Amino acid sequence: MLHEILLSLSGQPSPLLDPEVAAAGPTTPESFPLLSPPEKALLASLARLSRLHALLRAHTSRISSSHPSTICRAVSTAISTEHLGRFQKKILEVEKAVLGKDSAYVGGYGIVPLSTIVSEFAPWTRRLEWLWEVARFMQPESAADGTPGMCSGARLIDYLRAESQTGYLDLEEIALQLVKAAETAWMRQLSMWLLYGDLPTFGKDDFFIQAIDPNGDDDDEGASSRGVIDFVMNVDLLPKFVSPATASSILFIGKSLNHIRGRRNRSAIDTSASSITGITLESDHIHHLSSLKSPISTAALSNAVTAIRHSLSQTALSKLLPLPKILEVLSLIHDFLLLGRGEFAMALVSHADLRVQARQRRPEPSRRDKSGGLDGLVIKEGEVMAALAQTWTELYSLQNEEEVDEELDLARELLHLSINNNKKGMTPSRDVAGTNLIAEISSVSFDDLLFPASTSLSLRVQPPIDLFLAPSDISVYSIIHSYLLGIRRAQIRLSNLWKHTPLRRNHPSPWGPPRSNTRGGESRLRSQRQRQNARSVQMRPIWATASASIFVLSEIGGYLQGEVVQGSWQHFRQWLEGTPPGSGSMSRPASRPVSRPVSRPVSRPGTASASRPGTAYASKHHETTSILSADTALTGSWRPSTGQSTQQHQHDPETLTVAHRRYLSSLVQYLFLTEVPFTSALRSFLTSIDHLIALVSRLETVQRNLDLEMDEGVVDALADYAQEERSLLQDLREAREEVEAGIKEIVARLRDIDDSRSGEGRKVFDLSTTTTATTTNNNHPSQGQHGPFASAAAAGDPNMYIPRKAAGVDRLLMKLDFGSLNDGGIDPRYFQPSSAFPEYGGE
């Protein structure tokens, strides 16, 4: 019987230790009548141990051969070979001791007590039960290959590290050994990415870095064959001991190495086997990774990754992603996407309106609504692209023949205006970068104001700039562009109303002598004067409302464009160059002369000591913001401008990336894009302005036709212009009241923002608190772009960029209060066309 017990413990089937009998207990019908009840109870524990051994052998073998995660396979193999091997070795030791008649097992007359055998294997019951729980955690018994019940490597590492905190020393030792096996397998995957920029060959679906195709194809092999490939981070596959900043650095290092290898493969220059990525592999990188001991601590991993990142930044990335190239792209974004060039916005709005008017002249009754609005107007992709092409042509015509605007050439190459299509781009589940920042932005859309279709101006990011700019960053810039352009467009269109001479003057001029001296001439002059006086009285409230609307838009636009966008960009640009804020002017390219002196930068970035924001916003001419010197254009290297300290800190590319994301996040907050009530009120106000402008333009046409009918006898039998004029005047009164209500609503929402952001005990725009709240989800690092912000700020990094704080909303409210817009309606005495726009005469 003793031999049968040892064979059964080794995993062999035995009728003596029947699993069903052992599971049912000693009260079952007797299979062996010679066994006493105490002996049956002792055999039950051995039967449990035998069954666990057999189950573990079979289950670990299935996991090691079919599980998609190499980490789970490594742990399963460690359980089978090491821990079950120890159990098998223990069986052999007991058998050897029994055969050798060791006194510890064999008593008098060669009797081996069954209780001695049971006590010898008693500790293994707890161990095998725990190992069985681990094996079932990796792959449940009912789960097959590829089912949702399969465990990932990150979950297994977190589970084992949590299970190591136990009161049993033997279980703690086993858990730490399994943690070492799991982390060793994970480090092999990580080393391929950190050293070569390659995803692991085996188990890449279990690695937290995933390769995707920006065109929507999830097959990374197909994407790599086309030369277009991107990498994203999946936090569900990221172990908890990896901090958000470390995970971001790991992603950045691998993407950089992948770009270097891609450039080398395309140029076919490097054929050396010892330089796989195009640079000599530093032995220090391998040393940093090999120095990590299990269990890996968060600080040790962070220090190793930071050391590799700094080493890589000083060698390869200094040539792959130099500072002048980053500054060039950021300057282009500021000038065009953030409307730093006023002439670009004006030309784009002008040509877009011309395209819409041309489409309106070709009505499509099946697609237009009865009200004559633009809701059913269809704009094609070609018309949108043609409007942008005409805009570039107009901007080129503004240059002198001997001047070459390199930034304009680059903008024409990289910027494209297109109609938004839901089928385009990556799905939200795959585009994990920047989802938190986009989620914070208000859902109120401004992208259908330029055209009666959802359009967006975006930047085509080309390698290696995609290491610095993520697709989510470009999406945020497109949202900001539509928002600022909507305000600027309404201001331009309202200003153009004063160019409609027949609405403000008696046009054409009345008859003069000798025709006016006749009785008929006097009668005609008298009727025209009475008609003109009546129209002037009717239109005076309209002009007052339009003038008030221009005032509100100019002040809001001036604050957003001048104080927020321009001030934040100057502050961020100075940090990029390593220049102290307010230390002097920036270096400029020799190829781009400046038509006006640049506004002096703020001396205190945290205050509002900048120049009047409305000046920079309303100017048609471009205030150049380029910071590359002529030496940069000639030599490709960046040099500090005159008076700049030569001992400046050189930021590594990932620090620049994190700083840019903080800068972008601060822009979103200071532009009120996170305030849903304000954006909703502003969108309604802009829509009501478009409606008012459309009614005024229609009224001009109707009155012109009515004058021809009354004065010249040109009668249109199919139209009743008199009735249409009365109807339009009624609609104008309603539209004017709607615009005035919109002004009051905007001012009220600004007051709410001022109260909420300057409340007692609350800092204005507490960026660190905001980003921290949005970067943690179930103790996992965020998938978005804010993760490194909070961790770096919490660590007190002296090189971390701190965004500039714009002036409070109270300054904007004081300007609006000065126009008597806050209470009691609009006083026309404050808003006369002559006072607001003296260049148009104001008659």
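Heavy atoms only: backbone and side chains are in, while hydrogens, waters and symmetry mates are out. On a predicted model such as this, the values are computed, not experimentally measured, just so you know.
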Less than 4.0 Å between a side-chain N and a carboxylate O, is that true for [Y] and [X]?
X	Y	result
Arg136	Glu133	yes
Glu183	Arg161	yes
Lys255	Asp466	no

Going by heavy atoms in the side chains, are [X] and [Y] under 4.5 Å from each other?
X	Y	result
Leu312	Ile253	yes
Trp186	Val242	yes
Ser472	Ile438	yes
Leu289	Ile308	yes
His660	Leu469	yes
Ile296	Met187	yes
Leu128	Ile79	no
Ile174	Trp130	yes

Atom [atom1] of [X] and atom [atom2] of [Y]: how far apart are they, to the nearest 0.5 Å?
X	Y	atom1	atom2	value
Leu46	Glu120	CG	CD	11.5 Å
Met800	Trp575	CE	CH2	7.5 Å
Ser665	Glu440	OG	CD	6.0 Å
Arg127	Phe87	CZ	CZ	10.5 Å
Ile802	Tyr663	CD1	OH	16.0 Å
Asp158	Phe241	CG	CZ	8.0 Å

Margin query: Between Ser243 and Thr246, is the side chain to side chain donor-acceptor pair (under 3.5 Å) condition met? List the steps.
Written below: CA-CA 5 Å; Ser243 64; Thr246 303; 2.7 Å; yes

Next item on the list: Quick one: do Thr655 and Arg309 satisfy side chain to side chain contact (heavy atoms under 4.5 Å, CB included)? Show the steps, please.
Entry: CA-CA 10 Å; Thr655 302; Arg309 187 193 74 198; 4.1 Å; yes

Tell me if a side-chain donor or acceptor on [X] pairs with a main-chain N or O of [Y] at a distance below 3.5 Å.
X	Y	result
Ser311	Ala307	no
Ser66	Ile63	no
Ser61	Arg57	no
Asn258	Gly254	no
Ser65	Arg62	yes
Ser248	Pro244	no
His67	Met138	yes
Arg662	Tyr801	yes
Ser76	Cys72	no

At their closest point, which heavy atom of [X] faces which heavy atom of [Y], and how far apart are they?
X	Y	answer
Pro200	Phe207	CD-CD2, 3.9 Å
Val476	Val668	CG1-CG2, 3.7 Å
Gln210	Leu237	NE2-CD1, 3.5 Å
Ser69	Asp206	OG-OD2, 2.7 Å
His83	Trp124	O-CZ3, 3.8 Å
Ile71	Leu156	O-CD2, 4.2 Å

Checklist line | Candidate pair Leu301 and Leu190, rule side chain to side chain contact (heavy atoms under 4.5 Å, CB included), full reasoning | finding: CA-CA 11 Å; Leu301 180 62; Leu190 183 65; 4.2 Å; yes

Margin query: Can you confirm whether the side chains of Ser64 and Arg73 place a donor and an acceptor under 3.5 Å from each other?
Written below: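 Side chains of Ser64 and Arg73: no pair found under 3.5 Å.
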
Note to self: I'd like to know whether the aromatic ring centres of Trp193 and Phe208 sit less than 6.0 Å apart in this structure.
What the structure shows: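 No, the ring centres sit 6.0 Å or more apart.
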
Next item on the list: Measure from the ring center of His59 to the ring center of Trp132 and say whether it is less than 6.0 Å.
Entry: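 His59 vs Trp132: aromatic centres under 6.0 Å.
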
Margin query: side chain to side chain contact (heavy atoms under 4.5 Å, CB included), that's the test. Do Phe468 and Asp473 meet it? Break it down for me.
Written below: CA-CA 10 Å; Phe468 178 75; Asp473 298 335; over 6 Å; no

Item checked: Neighbour count above 12 (heavy atom, 6.0 Å) for Arg188 CZ ->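 Count not over threshold, so no.
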
Next item on the list: Apply side chain to side chain contact (heavy atoms under 4.5 Å, CB included) to Glu129 and Thr125, showing your working.
Entry: CA-CA 6 Å; Glu129 287 179 349; Thr125 304; 3.7 Å; yes

